[in-house]
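In this chain, residues are counted from 1 in sequence order. Values in this document were obtained by computation on a predicted structure and should not be read as measured data. For the numbers below, each heavy atom of this structure counts, side chains included, while hydrogens, waters and symmetry mates do not.
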Amino acid sequence: MRALVRLALLLTAISVPASAQNAIPDFTPDPTVGWFPDRPTGDDWLPPPSGPGPVMSDPKHPYIPNGAGQPTDHVADLSNPILQPWLLPSMKKANDQVLAGKVPFQPRERCWPGGVPEFDVLHRFAPLYVVQSPKEVLLIQRGDPWIRRVFLNVPHSRNLKPSWHGESIGHYEGDELVVDTIGMNDKTFVDNYRTPHTEKLHVVEHWKLVDGGHTLQVAVTVDDPGAFTTQWKAIQRFMRFDEGGMPETICAENNLAYFGFDVVPIPQSSKPDF
């Protein structure tokens with residue numbers, strides 16, 4: 001992992017012409033600095049200014065993360081009109097388990113990929129790193145770690161085979177990086193309330209610097225006619241976080257079954273990949 005990060009940072013330093021650097025937003029002027037959710041409930045989406053928005057916590061059971069008071073787990077508001085009826089039974093089951101005192105499954109706690117767009121809200125305690133080069137952008141969630149590759153200025157592949165993060169194709173529009181992602185499998189969620197989706201999921205992200213460059217904002221548009229009654233939007237914001245460079249993080253090698261999560265085991269290979 002350290003070697004990958006060093007290579008990515010080297011590519012950023014030597015591969016981007018000065019003219020290109022001036023023409024596009026620089027999300028990582030200091031490669032040792034990542035981006036951290038800028039509020040205590042950073043693993044929740046923020047609603048859009050108007051229109052249909054994401055699933056949020058049940059008003060009767062508000063979400064309070066560790067460090068912001070007496071913590072609670074996510075209990076979804078199932079009255080959100082974006083949800084198609086077939087989603088409700090599994091989400092109600094998850095709610096009932098939380099209210100019964102059980103620990104809900106979260107992908108990040110079992111080293112499973114979060115998929116897109118959950119990638120943007122997956123971790124509350126681990127920063128996001130952005131590495132830019134002329135042909136691609138790497139989005140690195142340090143917590144597991146998970147790495148998304150955004151290929152720039154190319155078309156989507158034909159006959160995509162569904163995968164955990166799908167295929168992300170990006171381009172710059174002024175001061176924004178626009179990322180279009182399709183080709184995702186249906187094994188992930190779109191949030192930390194365990195809201196399912198189908199393989200029809202289509203996500204568009206607009207990444208930009210706001211607040212004078214002190215905040216990185218991503219505005220997402222989610223479209224999945226197989227799971228949602230309408231297109232919906234959400235926002236996530238990150239503040240600069242200096243941890244002196246990205247440390248090496250290992251998740252999947254710590255293969256322990258705490259809290260009865262053995263029913264959703266940590267992913268592991270039956271043979272070495274080297």
Side-chain angles (χ1 to χ4, degrees), residues 1-16 20-21 24-40 42-46 106-109 111-152 163-172 175-179 181 188 192 203 205-220 235-253:
M1 181 62 195
R2 288 182 183 274
L4 174 62
V5 173
R6 291 193 189 101
L7 176 61
L9 297 178
L10 180 63
L11 287 172
T12 303
I14 68 175
S15 299
V16 182
Q21 289 177 343
I24 63 176
D26 187 356
F27 296 133
T28 311
D30 182 345
T32 68
V33 176
W35 295 95
F36 196 78
D38 73 342
R39 61 196 192 284
D43 57 351
D44 260 0
W45 289 113
L46 290 169
Q106 297 286 0
R108 65 177 179 267
E109 294 166 349
C111 306
W112 286 92
V116 181
E118 190 185 19
F119 181 94
D120 301 337
V121 290
L122 191 61
H123 284 284
R124 191 169 64 85
F125 291 115
L128 169 76
Y129 285 82
V130 183
V131 179
Q132 295 166 265
S133 70
K135 294 184 178 180
E136 67 177 322
V137 175
L138 300 182
L139 300 172
I140 306 172
Q141 278 280 12
R142 194 263 289 165
D144 287 315
W146 297 117
I147 302 173
R148 286 178 59 195
R149 301 180 68 186
V150 179
F151 301 98
L152 298 176
S163 60
W164 290 96
H165 286 147
E167 182 180 69
S168 293
I169 301 299
H171 66 276
Y172 291 101
D175 62 350
E176 293 186 348
L177 170 65
V178 182
V179 181
T181 303
T188 64
N192 286 316
V203 179
E205 300 159 285
H206 288 254
W207 295 82
K208 67 181 299 183
L209 294 170
V210 297
D211 300 331
H214 296 290
T215 303
L216 177 62
Q217 174 178 287
V218 54
V220 305
I235 296 170
Q236 173 64 305
R237 295 194 181 104
F238 305 85
M239 63 181 180
R240 292 192 183 278
F241 181 79
D242 187 354
E243 58 179 356
M246 186 190 302
E248 185 173 16
T249 306
I250 299 173
C251 184
E253 292 183 11

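In terms of heavy atoms, Tyr172 sits closest to Gln132 at OH-NE2, 2.9 Å. When all heavy atoms of Phe36 and Phe241 are compared, the pair lying nearest together is CB-CB, 3.5 Å. Of all heavy-atom pairs spanning Pro113 and His165, the tightest one is CB-NE2, 4.1 Å. Residue Asp43 comes nearest to Asn192 through the heavy atom pair O-ND2, 2.8 Å, listed as atom of the first residue, atom of the second, then distance. Listed here is the closest heavy atom pair of Thr32 and Asp242: O-OD1, 3.8 Å. Listed here is the closest heavy atom pair of Ser168 and Thr181: OG-OG1, 2.7 Å.
Leu152 places none of its side-chain heavy atoms less than 4.5 Å from the side chain of Lys135. Two residues are said to be in side-chain contact when any heavy atoms from C-beta on lie closer than 4.5 Å; Leu128 and Phe119 meet this criterion. Residues Leu216 and Leu209 form a side-chain contact, since some pair of their non-hydrogen atoms from C-beta on lies under 4.5 Å apart. Put simply, the side chain of Trp207 reaches to within 4.5 Å of the side chain of Phe238, judged on heavy atoms. Counting heavy atoms from C-beta outward, Leu139 and Val130 have side chains that approach closer than 4.5 Å.
Evaluation of the salt bridge (charged side-chain N to carboxylate O under 4.0 Å, His left out) rule for Asp175 yields Lys208 as partners, not counting sequence neighbours. Partners of Arg148 by salt bridge (charged side-chain N to carboxylate O under 4.0 Å, His left out), not counting sequence neighbours, listed by chain and number: Asp120, Glu205.
With hydrogens and angles ignored, the 3.5 Å screen pairs no side-chain donor or acceptor of Asp211 with any backbone N or O of Gly213.
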